[in-house]
Amino acid sequence: MLQVTASSLPSKSNLYPFQIYKNPTEPAQLLALSLKTATFNHPLISSRLISLYTHSKSTTLDHLRSVFDQFQQPTLFSWNTLIKSYVQNQRSQESLFLFLDFITRSGLMPDVFTLPCVIKACGRLMAVKEGGQIHGLVFKLGFGSDLFVQGSLVGMYSKFKDIGSARKVFDQMTERDLVTWNSLMDGYVKDGEIELAMELFDEMTERDVVSWTVMVDGLSKCGRVDDARKVFDEMPRRNFASWNAMINGYMRVGDFISARGLFDLMEDKDIITWNSMIAGYEHNGRCSEALKLFTELLNLGYVPTHSTLVSTLSAISWSALLSKGRRVHSYMVKNDHKLDGVLGTSLIEMYCKCGSIETALKVFESIPNKKLGHWTTIIAGLGTHGQATLALDLFLEMLKMNVIPNAITFIGVLTACNHAGLVEDGRRYFNMMIKDYQIEPTVEHYGCLVDILCRAGHLEEAKNVIESMPLKPNKVIWMSLLSASRIYKKVEIGEYAAQNVTEIDPNFIESYVLLSNMYAATGNWDKVSRVRDAMRKTGVKKDPGCSLIEYRDEVHEFIAGDKSHPWTREIYHKLSEIRERLKSVGYVPDKSQVLLHIEGDDEKETELESHSERLAIAFGLISLKPGIPIRIVKNLRVCNDCHSVTKHLSKIYDREIIVRDSSRFHHFKHGSCSCMDYW
DNA sequence: CTAGGGTTAG
């Protein structure tokens, strides 16, 4: 039995009872031992303990904190260690709170180890005010000539993009090391002064890897990716950050081929390399590549970070791969990823965009401290799914909880009003945004307002709003007006809107389609063929309709008229069955909107029947078990006929059919659609 | 006996 007591401590040989403990590998064992032997609050022992905790891989920061909280008189060393740990673990805010604690109640003064940590924390948090106060403290305590303290101030001001202050500190330093030079260079880069950064780079007598990387990063951030590559090639040595900076440079200009080339050349990669590739692919619309890399990194044993998951979820959202999304979600649950920040928002958005609004709601409800982003995402999601009442209820609940909405929240709110045809509410919230929250409406807000008015048939008023708004109306706004003109058969306004769209984007196919549909709806066949001629002349072609459906973990893609699917025979067989069942309930196909130049009625009917979503629905009916909703993602707007047919099918086959089109969700159930026939 | 500031993704 060990016999170490507090009274025996002053003797140096007894200071380290741990050394006689066999295999002192577990800090927790040592902690227990020191508690038992009443040596726990000896300053040297507590310091050593906390240091052991920081070096132990198994411990978490929260555990470290609980140990720290038991010390009666933490040493300066213990304070410093804990503050540093918070900064290193990206919990800078808590480190500043702890620092405040330290200043007010420790009775100690910060030293040259404390200050760089908290200065770094201020930089990370963009805490300009606090940073200035700490700078004042540095001055008062006389650390004006400490290399580390001053160097970290240069770094902090660089992060604030306050290059003037950074330069001032830099100029006052009596000696400067490489790190300080690098910080200042990065400050110039962040300030957009690439030339000045390069001058500094040339002035430097000593350059290690970081200096070069800052230049690669700086050049690629201002679009000079070729110059960045030159620097990259000239570098005497490179580390992960250098490669990653170059990869991101290529990704930024959309050159994912070159980015991939570098990625494949790398023998070793770090998780940021993978994150850069996944985020890059995702930004460039190459979602399937992004997802492939995610699977690959897991197989290779890399541990995804929050950013990995955010980018991956985003790629899943765009491709609407619900089953993949569910798998990532379960990975997150198993690995205890917290949903309190952006990650929670991404998860909610993924479920919304993949058509599972119920799960999105469940995730939302499970988040304990809901932030503005969570509220905004679920409100917008419910809006696009046609659940306006719930969306607006949640908005009011959010206000009750004193969460302040921003411009994006109001887009969601207005979208919800729009989908439910709530004209008065829409106007009211638009004004509330301006008056109560001092938010300047953007084009998007006006777009929502115009859409709300259009949907309710107030086309003249919508036109007035467009003409009197202080911003230049964009394509989307004119498209809402055009779309409404088609539904309300207001040819004159429709032509006016179409003309404006064409002025903004002469090659925008959707406007021709809508215009032609409007003419068709009003029996104006001459003009239908004139639009067709115009399309032929400008050379714009209608994107082929394309629908996706997931089955057994694979995406099945159907293009209009597609006969390449292995189940084609069964699918067309199902389609003829569908035709019969539709006939038996008295359904007459709506051939008015067939855009292709087809003469015969039967041919027109065949054209409609081979629309991509029909193929996908037929495949869904064959392959998916009864009771499972059929989820389809479509690239274009749903045509009138498909919309009516799908409503019938949801009743005839007693199936929920969820279709995501280019701007909203249609939930078909018991013969009706959540969009209330306006889209 | 132990400790600090600079680059890359989101």
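Lettering of chains follows the sequences in order, A, B, ..., and the numbering in each one begins at 1.
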### Task
Please list, chain by chain and in numerical order, all residues satisfying ring pair (Phe, Tyr, Trp, His ring centres under 6.0 Å) with A:Phe77, sequence neighbours excluded.
none
### Task
Compare the minimum distances between each of B:dG10, B:dG5, B:dT7 and the side chain of A:Lys159, then state the nucleotide with the smallest one.
B:dT7
### Message
Nearest whole Å is fine: how far is B:dG4 C1' from A:Leu141 CG?
### Response
16 Å
### Query
Side chain of A:Thr305, base of B:dG10: donor and acceptor closer than 3.5 Å?
no
### Message
Taking only side-chain N and O atoms of A:Lys84, does any of them lie within less than 4.0 angstrom of OP1 or OP2 on B:dA3?
### Response
no
### Task
Ignoring the backbone of A:Asn248, work out which of B:dG5, B:dA3, B:dT8 is nearest its side chain.
B:dT8
### Query
What nucleic acid atoms does A:Ser183 come within less than 4.0 Å of, heavy atoms only: base, sugar-phosphate, or nothing?
sugar-phosphate
### Query
Should A:Arg91 and A:Asp62 count as an ion pair when the cut-off is N to O under 4.0 Å?
yes
### Query
Are any of A:Arg252's side-chain N or O atoms less than 4.0 Å away from OP1 or OP2 of B:dA9?
yes
### Task
In whole angstrom, give the distance that lies between atom CE of A:Met173 and atom C1' of B:dG5.
9 Å
#### Entry: A:His283 side-chain proximity, nearest of B:dG4, B:dT7, B:dG10
B:dG10
### Query
Ring-on-base stacking between A:Phe148 and B:dG5, under 5.5 Å between centres and under 30° between planes: is it there?
no
### Query
What is the distance, rounded to the nearest whole Å, between atom NE2 of A:His337 and atom C1' of B:dG10?
14 Å
### Message
Closer than 3.5 angstrom, by distance alone: can the side chain of A:Arg660 be matched with the main-chain N or O of A:Lys353 as a donor-acceptor pair?
### Response
yes
### Task
Describe the nucleic acid contact of A:Ser242 in one word from base, sugar-phosphate, nothing, applying a heavy-atom distance below 4.0 Å.
nothing
### Query
Which whole-number value in Å describes the distance from A:Ile83 CD1 to B:dG5 P?
13 Å
### Query
Can you tell me if the side-chain N/O atoms of A:His306 get under 4.0 Å from OP1 or OP2 in B:dA9?
no
### Message
Can you identify which nucleotide, out of B:dG5, B:dG10, B:dG4, has its nearest atom closest to the A:Val112 side chain?
### Response
B:dG4
### Minimum-distance nucleotide (side-chain atoms of A:Val310 versus B:dT7, B:dG10, B:dA3)
B:dG10
### Query
A:Gln90 or A:Asp146: which one's nearest nucleotide on DNA chain B is closer to the 5' end?
A:Asp146
### A:Trp181/A:Phe170 aromatic ring centres below 6.0 Å
yes
### Message
For A:Phe364, does the six-membered ring have the charged nitrogen or CZ of A:Lys370 within the cation-pi criterion, i.e. under 6.0 angstrom from the centroid and within 45° of the normal?
### Response
yes
### Task
State whether the distance check finds a donor on one side and an acceptor on the other, under 3.5 Å, for side chain A:Asn80 versus base B:dG4.
no
### Task
Apply the test side-chain hydrogen bond (donor to acceptor under 3.5 Å, both in side chains) to residues A:Ser317 and A:Glu349: give CA-CA distance (whole Å), side-chain angles for both, the deciding distance (0.1 Å), then the verdict.
CA-CA 7 Å; A:Ser317 300; A:Glu349 191 178 27; 5.0 Å; no
### Summary
Separation of B:dG5 atom P from A:Arg124 atom CZ, nearest Å, is 9 Å
### Query
When rounded to the nearest 0.5 angstrom, what distance separates CG in A:Leu76 from CG in A:Leu108?
5.5 Å
### Query
For A:Tyr302, what residues pass the ring pair (Phe, Tyr, Trp, His ring centres under 6.0 Å) criterion, not counting sequence neighbours?
A:Trp274
### Query
Does anything in residues 204-232 of chain A reach DNA chain B, meaning a heavy atom under 4.0 Å, and if so which residues?
A:Asp208, A:Val210, A:Thr213, A:Val214, A:Asp217, A:Lys221
### Query
A:Asn244 has an atom CG; how far is it from atom C1' of B:dT8, in whole Å?
5 Å
### Task
Take atom CG of A:Asp270 and atom P of B:dG10, then tell me their distance rounded to the nearest Å.
14 Å
### Task
Would you mind telling me which of B:dA9, B:dT2, B:dG5 lies closest to the side-chain atoms of A:Phe77?
B:dT2
#### Entry: A:Arg229/A:Asp227 ion pair, N-O < 4.0 Å
no
### Task
Return the value, rounded to whole Å, for the distance between atom CG of A:Leu147 and atom C1' of B:dG5.
8 Å
### Query
Among the nucleotides B:dT8, B:dG10, B:dG4, which one has an atom lying closest to any side-chain atom of A:Ser307?
B:dG10
